[in-house]
Amino acid sequence: MWKLIVRRTLITIPQIIVLSILVFILAQAMPGDALTGLIDPSIDPATIEAMRERLGLNNPWYVQYFEWVKGVLQGDFGQSFRFKMPVSELIGERIINTMWLSLATLVLTYLIAIPLGIISGRFNDTWLDRAITGYTYIGFAAPLFIFALVMLFIFGFQLAWFPTSGSVAPGTEPGTFAYFISKLNHLLLPALSMALITTVSTVQYLRSEIIDTKQKDFIVTARAKGASESRVYNRHVLRNSLLPIAAFFGYEITGLIGGTIFIENIFGYPGMGELFLSSISLRDYSVMTALVLLFGLAAIIGALLSDIILSLVDPRIRIK
């Protein structure tokens, strides 16, 4: 078991190196460089060239790459010309909001998906199953950003149940109960909008697992021995059907990355996704590069977690 975890962890090292090279090369291919936006373009070109030389921007790409990696390992992602502050501090302020949004979405996703998947799988081919399956089909067909806009329009602007932007009400004192309630109130609608869409794949997967498990020989044997229907489901069907769902936890993290980028911009939620799109539109080179690297790292770590969890719940993976 430990050999598999160590081997799988070691595989992530070249993946991270390749990711960092790709991110750096793509950033280099974009118009402008780290100096763009930091200086007044009306300055004497000779002065700009001297600054570029002093910052090492005229060095070969591989020299710049190693200098960039050395800075990243020390937590130095450069300077944001838009916010006039270090990128690491800027991301540090936003990452908390994104983490809370992702956590709330994950919790809501499983709270919605597991009961619906169990009901749909246990009572398959009934009107209840058809209603749940219909919901998943709508969820698959509905683009996240359109669904989020509809939720914002109905619950934010028409019913005014939730705030329509921000992460906390202005003037609320941090550390107070009112501050906590305000943060929660700003978080719920974006998280629910994303969870209602991301939950459909888990519902369908769990439904299929339960229907498949119900037909296994050991289930038939359990029924033949006189086990009650509730015992068959709770001790045998659910236990075997829910375990593979845990393996998708890491992939849920990867899916949340793309989701938060859209959701945070639609709801004006100040997280990393909102920062990412605004840095692209303003060509904030340092911020954009750092965020692409962090999103890529999150995706790699999510895949690693999924493989480790899958190997824990399925011994056949360890044997292979």
Side-chain angles (χ1 to χ4, degrees), residues 83 88-118 135-136 138-139 142-203 245-246 248-279 291 294-295 298-299 301-302 305:
F83 294 94
S88 54
E89 289 183 18
L90 179 61
I91 292 177
E93 292 176 357
R94 301 296 189 95
I95 198 171
I96 299 298
N97 285 336
T98 298
M99 287 178 66
W100 279 117
L101 177 61
S102 302
L103 179 64
T105 304
L106 270 180
V107 172
L108 288 172
T109 297
Y110 285 116
L111 283 178
I112 296 168
I114 290 178
L116 290 183
I118 291 173
Y135 156 65
T136 60
I138 293 172
L144 175 61
F145 63 94
I146 292 180
F147 182 75
L149 284 173
V150 172
M151 293 284 285
L152 179 65
F153 176 75
I154 296 175
F155 296 103
F157 290 106
Q158 295 299 314
L159 300 177
W161 288 358
F162 298 97
T164 55
S165 64
S167 64
V168 67
T172 311
E173 187 178 347
T176 62
F177 183 69
Y179 184 85
F180 170 75
I181 294 297
S182 179
K183 292 283 282 187
L184 187 64
N185 202 26
H186 283 76
L187 183 69
L188 274 178
L189 189 57
L192 185 62
S193 301
M194 193 157 50
L196 285 173
I197 292 296
T198 56
T199 197
V200 294
S201 55
T202 307
V203 171
I245 296 295
F248 279 84
F249 174 76
Y251 292 116
E252 294 280 4
I253 296 175
T254 307
L256 285 175
I257 294 171
T260 53
I261 292 174
F262 291 110
I263 288 292
E264 288 178 0
N265 279 277
I266 290 170
F267 287 91
Y269 191 79
M272 290 172 62
E274 192 269 342
L275 179 64
F276 179 61
L277 284 191
S278 64
S279 66
L291 289 176
L294 291 178
F295 287 150
I301 293 172
L305 282 176

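Fair warning: this is a prediction, and the values are worked out from it, not measured in the lab.
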Participant: Work out which heavy atom in Phe276 is nearest to a heavy atom in Ser279; give both atom names and the distance.
Facilitator: O-OG, 2.6 Å
Participant: Roughly how far, to the nearest 0.5 Å, is the CG atom of Leu196 from the CD1 atom of Ile138?
Facilitator: 11.5 Å
Participant: Can you tell me if Ser167 uses its side chain to pair, donor with acceptor, with the backbone of Pro270 under 3.5 Å?
Facilitator: no
Participant: Got more than 12 heavy atoms from elsewhere within 6.0 Å of CZ, Phe295?
Facilitator: yes
Participant: Please give me the minimum heavy-atom distance between Val200 and Ile197, naming the atom from each residue.
Facilitator: CG2-O, 3.0 Å
Participant: Only one of Thr260, Leu101, Leu189 passes side-chain contact (heavy atoms from CB on, under 4.5 Å) with Tyr269; say which it is.
Facilitator: Leu101
Participant: Can you name the nearest heavy-atom pair linking Thr105 to Ala191, along with the distance?
Facilitator: OG1-CA, 3.6 Å
Participant: Go through the structure and list residues passing side chain to side chain contact (heavy atoms under 4.5 Å, CB included) with Leu111, not counting sequence neighbours.
Facilitator: Val107
Participant: Consider side-chain contact (heavy atoms from CB on, under 4.5 Å). Of Phe162, Phe147, Phe157, which one does Leu152 pass it with?
Facilitator: Phe157
Participant: Nearest 0.5 Å, please: how far is CG in Leu108 from CG in Leu188?
Facilitator: 7.0 Å
Participant: Please round to the nearest 0.5 Å and tell me the distance separating atom CG of Leu90 and atom CG of Leu275.
Facilitator: 5.0 Å
Participant: Taking all heavy atoms of Gly92 and all of Ile96, pick out the closest pair and write down the distance.
Facilitator: O-CG1, 3.8 Å
Participant: Please check: side-chain N/O of Ser182 versus main-chain N/O of Ala169, any donor-acceptor pairing under 3.5 Å?
Facilitator: yes
Participant: Are Thr198 and Thr109 linked by a side-chain donor-acceptor pair shorter than 3.5 Å?
Facilitator: yes
Participant: Among residues at least two apart in sequence or on other chains, which ones pass side chain to side chain contact (heavy atoms under 4.5 Å, CB included) with Pro143?
Facilitator: Phe145, Ile146
Participant: Do Gln158 and Phe153 have side-chain heavy atoms sitting under 4.5 Å apart?
Facilitator: yes
Participant: Search all heavy atoms of Ser165 against all heavy atoms of His186 and return the closest pair with its distance.
Facilitator: O-CD2, 3.2 Å
Participant: At what distance, to the nearest 0.5 angstrom, does CE of Met151 lie from CD1 of Ile263?
Facilitator: 9.0 Å
Participant: Output the distance between atom OG1 (Thr199) and atom CG (Leu106), rounded to the nearest 0.5 Å.
Facilitator: 11.0 Å
Participant: Look up atom CD1 in Ile266 and atom CE in Met194, then write down how far apart they are to the nearest 0.5 Å.
Facilitator: 10.5 Å
Participant: Before giving the answer on side-chain contact (heavy atoms from CB on, under 4.5 Å), spell out for Thr164 and Phe267 the whole-Å C-alpha distance, their side-chain angles and the decisive distance to 0.1 Å.
Facilitator: CA-CA 6 Å; Thr164 55; Phe267 287 91; over 6 Å; no
Participant: Got a sec, which pairs hit side-chain hydrogen bond (donor to acceptor under 3.5 Å, both in side chains) with one end in residues 88-98, sequence neighbours left out?
Facilitator: Arg94-Glu274, Asn97-Lys183, Thr98-Glu264
Participant: With a 4.5 Å heavy-atom cut-off, do Ile95 and Met99 have their side chains touching?
Facilitator: yes
Participant: Once the angle between the rings of Phe155 and Trp161 is folded into 0 to 90°, is it parallel (under 30°), tilted (30 to 60°) or perpendicular (over 60°)?
Facilitator: tilted
